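First comes the structure, then the notes that go with it.
Please read all numbers here as calculations on a predicted model, not as lab measurements.
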Amino acid sequence: MSLYILKDISDTLWKFYIDKNKLLICDNYYEKVQIDKNVSEFHVNINYIGTIQLIYITYDGDVRYCEFNKKWTTQTLYTLSNKGDKIQELKIYSLNNELHIFFIFLKENEKHKGDLLHYKWSGNKFNTSIVASLNFDYSSIKHYDIEILNDELYIFFLQNEKNQNSLNMSKYKKNLWSNAKKLYRLYGSNIQFSTIKKDNVFHILNFTKDKNIYTLEHVSLDENGNMKAFKIHQSNDKICNPLFLIENNSLYSMWTENSSLIYCCFKDSWNKCNNIFIENINRIQKSRYISEENFNDSLQAKEVFILNSSPMKIFLPEETLIYNDMEEINLHLLENCDAERTIQKLLKEISYTKMLNDKLAKRISILKNKLYEKDISMNNINNYLNQTSAQKKAIEKDYNSLLQSQNNFVNELKDIKNKLNLEKDKGESLKNTIQKLSQENNNLKESSLKTKEFENKSCQYSCEYLKNLEFKIKEKEKENNTLKGELERFKNMSFFDKIFKMK
């Protein structure tokens, strides 16, 4: 039998379970109600105003939501379109007037892969997101756990990669899940883990089996991500059903071993283990547990060890809580007399009314405390708003001064820009003039080169001409000298020689 115990503000226990006929039953000792039939799994929550909330799935593939506010109301949220698909490990939490529903979705024929899904429901609208795609094996009973800290959701989940298991964490903030952060690896088989929050620190209980050695370990994780590891217990004997709970603000670990219920207390380190005497250990069972918010509640737990009998017993390290049902309360009343039966019925009604009144009185007390806290918060907010208003005025004054300076700067910048444009125009004009002069200079250079070339050619021609002229003069001079020589010889010849010469 899958059992879930809820304790309301009047210390009344509500038992939720699925019986052998697959009926989802609620038993609060005053009445027993069948909520639905053909149910395979469920999870229970209670919000800050005392509304009991259930999420469950039927064998037909319907995910249904049910709540109790004077009466039970049920509605179907989702139906599996493929009957071969599967949903498991349902959880439901309420935060900021919204419901947060979690489960693992497995497609048909996918036994070791599934999606960890998150549904946020505001009452008329669903927002769906995939937290992680999981690889897992069925040796682990639970694959994820949820914690709420400072109105933010934290999810811890197991991931199997290459036959190695690791614990990962993701945070839900501003409607988005952060990337998964791997915290540490877990070695061995039959891995189990659970979490609990105390003083803004997450405490994680790890259980592993390596060969024939059973180990319980504790890891603390603060808001800044700092982790510390502690060994709780190690044994060659089989350890079963380990859990964490907080009693009177002390962290305890509990488990069964060697037909004994054992607990251990954490005070900076784990103390010596102690036994709780139980006549028949086989009759106790581990049950899921939730309690309505109560400032005077000494117990904070997700799971407890119980004896599911009449009266019911909850076994804690420091005490054993005993809860009687209405029949036990009225054992002294006779059942044979009609008048006494009437009295018995009236006493039941009076007791039930008294319980409701007590519950209402406690809830009013809590709401008054919350209202007082809200008033303090509002006063703080008003003071903050006044300070903010004064800061805003100072900022506006500084802003106006800065704006005036900026305007002056803009005007100066415009003047500088205009001057810069003028200088730029002058620069462009000067650049054009330089380009024109440069072009003229290039033209002059080209003309000069041509003139020089002409001069060189003229000079060369003149030189050649002079050389030729000089050569001709020399030739003429030679001829002249020759003629002179011949003339001299002719002058010196006799008259007869000249005649004979002429002949």
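In terms of modelled atom types and a separation under 3.5 Å, the side chain of N160 and the main chain of N135 share no donor-acceptor contact. Of the possible donor and acceptor atoms, none in the side chain of N275 sits under 3.5 Å from a partner among the backbone N and O of F277. With hydrogens and angles ignored, the 3.5 Å screen pairs no side-chain donor or acceptor of Q53 with any backbone N or O of F68. Formation of a donor-acceptor pair under 3.5 Å by the N82 side chain with backbone atoms of G84 is found in this model. Counting only distance, with no hydrogens or angles, the side chain of E41 and the backbone of L90 share a donor-acceptor pair below 3.5 Å. For Y399 (side chain) and K392 (main-chain N/O), no donor-acceptor pair under 3.5 Å exists by modelled atom type. Side-chain atoms of T76 never come within 3.5 Å of backbone atoms of Y78 as a donor-acceptor pair (strictly under, hydrogens ignored). Between the side chain of N386 and the backbone N or O of N382 there is at least one donor-acceptor pair closer than 3.5 Å.
Under the 4.5 Å side-chain criterion, counting only non-hydrogen atoms from C-beta, F305 is in contact with N241. No side-chain heavy atom of Y263 sits under 4.5 Å from any side-chain heavy atom of L245. The shortest distance between side-chain heavy atoms of L106 and K113 does not fall below 4.5 Å. Using a 4.5 Å heavy-atom threshold, the side chains of L153 and W177 count as touching. Side-chain contact between L80 and I87 is present, with heavy atoms from C-beta onward closer than 4.5 Å. Within the 4.5 Å cutoff, side-chain heavy atoms of N28 are placed close to those of E31.
Judged by the 6.0 Å and 45° rule, K91 forms a cation-pi pair with Y144.
Listed by first and then second residue, the salt bridge (Lys or Arg N to Asp or Glu O under 4.0 Å) pairs that reach into residues 167-177 are E152-K171, sequence neighbours excluded.
Just one of L205, I141, N206 meets the side chain to side chain contact (heavy atoms under 4.5 Å, CB included) condition when paired with S194; it is L205. Exactly one of Y172, F103, F126, F157 qualifies for a ring-ring contact (aromatic ring centres under 6.0 Å, His included) with H118. That residue is Y172.
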Quiz item: Are I55 and V63 close enough, and set up right, to give a side-chain contact (heavy atoms from CB on, under 4.5 Å), and what steps lead you there?
Solution: CA-CA 7 Å; I55 189 78; V63 178; 3.8 Å; yes

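Annotation: Y119 is not in aromatic contact with H100 [ring centroid separation under 6.0 Å not met]. Between Y17 and F42, the distance from one ring center to the other does not fall under 6.0 angstrom. Ring centers of W255 and H233: under 6.0 Å apart, within the cut-off.
T215 and K209 share no side-chain donor-acceptor pair at under 3.5 Å.
F16 pairs by the ring pair (Phe, Tyr, Trp, His ring centres under 6.0 Å) definition with nothing, not counting sequence neighbours. Taking the ring pair (Phe, Tyr, Trp, His ring centres under 6.0 Å) definition, one finds that Y59 meets it with nothing, sequence neighbours left out.
For Y289 against K7, the heavy-atom pair with the smallest separation is OH-CE, 3.5 Å.
Residues K286 and E303 are paired through a salt bridge, judged by an N-O separation under 4.0 Å between the basic side chain and the carboxylate. A salt bridge links K302 with E147: the distance from a Lys NZ or Arg NE/NH1/NH2 to an Asp or Glu carboxylate oxygen falls below 4.0 Å. Salt-bridge formation is detected for the pair D145/K142: a Lys NZ or Arg NE/NH1/NH2 atom is positioned less than 4.0 Å from an Asp or Glu carboxylate oxygen.
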